[in-house]
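All ligand and atom numbering here is 1-based and tracks the order in the structure.
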Amino acid sequence: MSEAYASERVHVRAPGKLNLFFEVGGVQEDGYHDVASAYQAVSLYENVWASHSDDFTVTVSGAVDIDGVPADDRNLAVRAARLLAQRIGYRGGVHLDIVKSVPVAGGMGGGSADAAAALVACDALWRADLGTAELHKLAARLGADVPFALMGGTAVGTGRGDQLSPALAKGRFDWVVVPSEEGLSTPEVYAHLDTLRAQHDNGVDARVPEVDPAVLQALRAGDPVALAEHTRNDLQTAALSLRPGLRDVLEIGERAGALAGMVSGSGPTLAFLAGDPESALELQVMLSAAGLKALHVHGPVAGARVVA
Ligand code: ATP
């Protein structure tokens, strides 16, 4: 290994996401649910550095509690690197250094962002040059949210959320996100939703889930007030039932002037929509004064990209 080769490092950052709209259809025969999601990539980033190695190794650190994150082959970023190596017949390995800012098991797709970042970083480090379409195919094999972390921006996802088409969004949307100390398992939230639906016998629509056109219109118009009126998250009831304390936080945010407050994906992170950057700052201050951790982010931002 030459010195230059050994010290070569590729830095990629990839965004966390919010689901502005999330409709969950009935459970399919394979146990998965069909969904319709409007995703927005927001300015809370995972940073991943990839360097040459004989094996596949990973270190994880960051500003968030990383207790639940495996630092071995179970890490989604390592799985992504291995999948890419297999795809291109690369015989070496990689060391991934992950610095996390997205709350773990928070419903903001942090693991998916790490996987997308690893694909982009290894593609560059190994000079594979696979191209967007190929990387997207690999991403879809890793998890429903990984293709969106590659793509970024604002998009509609159908199927399991991985069949993506970009959505037009004008201007910027300001959000305040409130992470929880302890994460929620996505499969557990889905299972709880199925239980609640069975208990209440509110048969899920037989039709294929679809993003409300009013959401897409609000995004195109850059209108946060209209967006606030039409946000929806079918996982919210289940997440709130598993974490009843979140209801109080939603109320605090709404009383503090948020246009809308919602559970992000499977939760427990909450996302509050503000009308503009100044209102978001005020909201952040008020939530912080109530003793909550509150982060001001904005979207849409780009997907996983090499940092020069
Ligand atoms: P999503 O919204 O995509 O369902 P999430 O944001 O709720 O996911 P993640 O932080 O992506 O949750 O992680 C969920 C679980 O995946 C973690 O609890 C952890 O066990 C596992 N995991 C594997 N690799 C990673 C990774 N690189 N970062 C975080 N978690 C990972």
Side-chain angles (χ1 to χ4, degrees), residues 12-20 22 24 32-33 35 37-42 44-50 56-83 94-122 139-140 142-151 157 160-162 164 177-193 233-236 238-239 242-243 246 262-271 297 303-304:
V12 172
R13 70 174 194 174
K17 56 84 185 168
L18 295 175
N19 299 88
L20 318 181
F22 200 65
V24 181
Y32 283 89
H33 297 74
V35 304
S37 167
Y39 291 105
Q40 185 157 85
V42 294
L44 194 58
Y45 295 100
E46 301 285 81
N47 284 281
V48 175
W49 283 264
F56 289 82
T57 53
V58 62
T59 47
V60 185
S61 60
V64 293
D65 182 0
I66 52 153
D67 269 0
V69 184
D72 53 28
D73 271 1
R74 290 167 301 165
N75 193 295
L76 204 52
V78 177
R79 288 176 42 209
R82 282 194 182 275
L83 186 65
V94 68
H95 175 72
L96 298 170
D97 185 8
I98 303 177
V99 180
K100 294 184 72 73
S101 298
V102 177
V104 174
M108 288 189 70
S112 302
D114 296 342
L119 286 177
V120 172
C122 292
L142 291 160
D145 289 341
V146 185
F148 179 69
L150 265 185
M151 181 178 175
R160 289 179 187 174
D162 56 341
L164 290 178
V177 299
V178 176
S180 284
E181 280 193 357
E182 212 177 307
L184 266 177
S185 135
T186 305
E188 197 188 329
V189 176
Y190 271 100
H192 194 54
L193 174 70
N233 180 2
D234 285 2
L235 293 177
Q236 176 149 329
L242 292 168
R243 288 287 164 77
L246 293 177
M262 60 199 275
V263 169
S264 166
S266 54
T269 305
L270 298 178
V297 301

Visitor: By number and element, which atoms of ligand 1 are closer than 4.0 Å to a non-hydrogen atom of Asp114?
Guide: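 Contacts of ligand 1 toward Asp114, numbered from 1: 26 (C), 27 (N), 28 (N).
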
Visitor: Spell out, as yes or no, whether a donor-acceptor pair under 3.5 Å connects the side chain of Tyr39 to the backbone of Gly161.
Guide: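 Judged by distance alone, yes, a pair lies under 3.5 Å.
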
Visitor: Going by the order shown, which atoms of ligand 1 are within less than 4.0 Å of some heavy atom of Gly110?
Guide: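 Taking each heavy atom of Gly110 in turn, ligand 1 has 6 (O), 11 (O) under 4.0 Å.
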
Visitor: Give yes if a backbone or side-chain nitrogen or oxygen of Ala77 is under 3.5 Å from a nitrogen or oxygen of ligand 1, and no if not.
Guide: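 Between Ala77 and ligand 1 (N or O atoms, distance only) the closest approach is not under 3.5 Å.
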
Visitor: State whether the shortest distance between N or O atoms of Pro70 and N or O atoms of ligand 1 falls below 3.5 angstrom.
Guide: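 No, no N or O pair falls under 3.5 Å.
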
Visitor: Out of all atoms in ligand 1, which are within 4.0 Å of some heavy atom of Leu76? Include the element for each.
Guide: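 In order of number, 23 (C), 24 (N).
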
Visitor: For atom 8 (O) of ligand 1, which candidate among Ala117, Gly109, Gly267 holds the nearest heavy atom?
Guide: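 It is Gly109 that holds the nearest heavy atom.
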
Visitor: Are the side chain of Thr269 and the backbone of Gly106 linked by a donor-acceptor contact shorter than 3.5 Å?
Guide: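 Between the backbone of Gly106 and the side chain of Thr269 there is a qualifying donor-acceptor contact (under 3.5 Å).
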
Visitor: Under a 3.5 Å distance rule, please check whether Lys100 uses its side chain to pair with a backbone N or O of Asn47 as donor and acceptor.
Guide: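 No, because the side chain of Lys100 does not come within donor-acceptor range (under 3.5 Å) of the backbone of Asn47.
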
Visitor: Any heavy atom of Lys100 sitting closer than 4.0 Å to ligand 1?
Guide: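 Per 4.0 Å heavy-atom rule, Lys100 contacts ligand 1.
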
Visitor: Hey, does Lys17 sit under 4.0 Å from ligand 1 if you only count heavy atoms?
Guide: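 True for this residue.
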
Visitor: Tell me whether Asp162 contacts the main-chain N or O of Gly157 through its side chain, where contact means a donor paired with an acceptor under 3.5 Å.
Guide: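 Checked: no pair found.
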
Visitor: Start with the C-alpha gap between Leu270 and Val263, add the side-chain angles, then the distance that decides, and say whether side-chain contact (heavy atoms from CB on, under 4.5 Å) holds.
Guide: CA-CA 5 Å; Leu270 298 178; Val263 169; 3.7 Å; yes

Visitor: Do you know which two heavy atoms are closest between Ala149 and Ala113, and how far apart they sit?
Guide: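 Closest approach of Ala149 to Ala113: CB-CA, 3.7 Å.
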
Visitor: Between Val104 and ligand 1, is there a nitrogen or oxygen pair with a distance under 3.5 Å?
Guide: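 Such a contact does not occur with ligand 1.
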
Visitor: Can you tell me if Arg243 uses its side chain to pair, donor with acceptor, with the backbone of Gly183 under 3.5 Å?
Guide: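 At least one qualifying donor-acceptor pair exists.
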
Visitor: Side chain of Glu46, backbone of Val102: donor and acceptor closer than 3.5 Å?
Guide: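 Here the side-chain-to-backbone pair exists.
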
Visitor: State whether any protein heavy atom lies less than 4.0 Å from atom 26 (C) of ligand 1.
Guide: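 Yes; the ligand atom in question has protein heavy-atom contact below 4.0 Å.
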
Visitor: Might you work through the side-chain contact (heavy atoms from CB on, under 4.5 Å) test for Asp114 and Val60, ending with a clear yes or no?
Guide: CA-CA 10 Å; Asp114 296 342; Val60 185; over 6 Å; no

Visitor: What residue and atom, counting heavy atoms only, is the protein's closest point to atom 4 (O) of ligand 1, and at what distance?
Guide: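 Answer for atom 4 (O) of ligand 1: Thr186 OG1, 2.8 Å.
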
Visitor: Any side-chain heavy atom of Asn75 sitting closer than 4.5 Å to one from Ile98?
Guide: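 Side chain of Asn75 against side chain of Ile98, heavy atoms only: contact under 4.5 Å found.
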
Visitor: At a 4.0 Å threshold, what atoms of ligand 1 neighbour a non-hydrogen atom of Ser112?
Guide: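 Going through ligand 1 atom by atom, the ones under 4.0 Å from Ser112 are 3 (O).
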
Visitor: Can you find an N/O atom of Ala105 closer than 3.5 Å to an N/O atom of ligand 1?
Guide: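 Ala105 vs ligand 1: N/O contact under 3.5 Å present.
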
Visitor: Donor-acceptor pair, distance only, cut-off 3.5 Å: does the side chain of Ser264 make one with the backbone of Leu18?
Guide: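 No.
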
Visitor: Please list the nearest protein heavy atom to atom 19 (C) of ligand 1 with its residue and the distance rounded to 0.1 Å.
Guide: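 Closest protein heavy atom to atom 19 (C) of ligand 1: Gly68 O, 3.3 Å.
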
Visitor: Distance to 0.1 Å, residue and atom name: give those for the protein heavy atom nearest to atom 11 (O) of ligand 1.
Guide: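 Among all protein heavy atoms, the one nearest atom 11 (O) of ligand 1 is Gly111 N, 2.7 Å.
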
Visitor: Can you list everything that forms a salt bridge (charged side-chain N to carboxylate O under 4.0 Å, His left out) with Asp97? Sequence neighbours excluded, please.
Guide: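 Applying salt bridge (charged side-chain N to carboxylate O under 4.0 Å, His left out) to Asp97 gives none.
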
Visitor: Does ligand 1 have an atom under 4.0 Å from some heavy atom of Gly265?
Guide: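 The answer is no: ligand 1 sits nowhere under 4.0 Å from a heavy atom of Gly265.
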
Visitor: Between Leu142 and Arg79, is the side-chain contact (heavy atoms from CB on, under 4.5 Å) condition met? List the steps.
Guide: CA-CA 8 Å; Leu142 291 160; Arg79 288 176 42 209; 4.2 Å; yes

Visitor: Heavy-atom distances under 4.0 Å decide this one: backbone, side chain, both or neither, for Asn75 against ligand 1?
Guide: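 The answer is both.
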
Visitor: Of all the non-hydrogen atoms in the protein, which one sits nearest to atom 30 (N) of ligand 1, and at what distance?
Guide: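 The closest heavy atom on the protein side is Val69 CG2, 4.0 Å.
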
Visitor: Which atoms of ligand 1 are found less than 4.0 Å from any heavy atom of Asp145?
Guide: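 This gives 1 (P), 2 (O), 3 (O) as the contact atoms.
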
Visitor: Polar-atom distance check: Met108 versus ligand 1, any N or O pair below 3.5 Å?
Guide: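 Between Met108 and ligand 1, an N or O pair is found under 3.5 Å apart.
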
Visitor: Do me a favour and list the nearest non-hydrogen protein atom to atom 7 (O) of ligand 1 with residue, atom name and distance?
Guide: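 Scanning the protein heavy atoms, the shortest distance from atom 7 (O) of ligand 1 goes to Gly107 N, 2.8 Å.
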
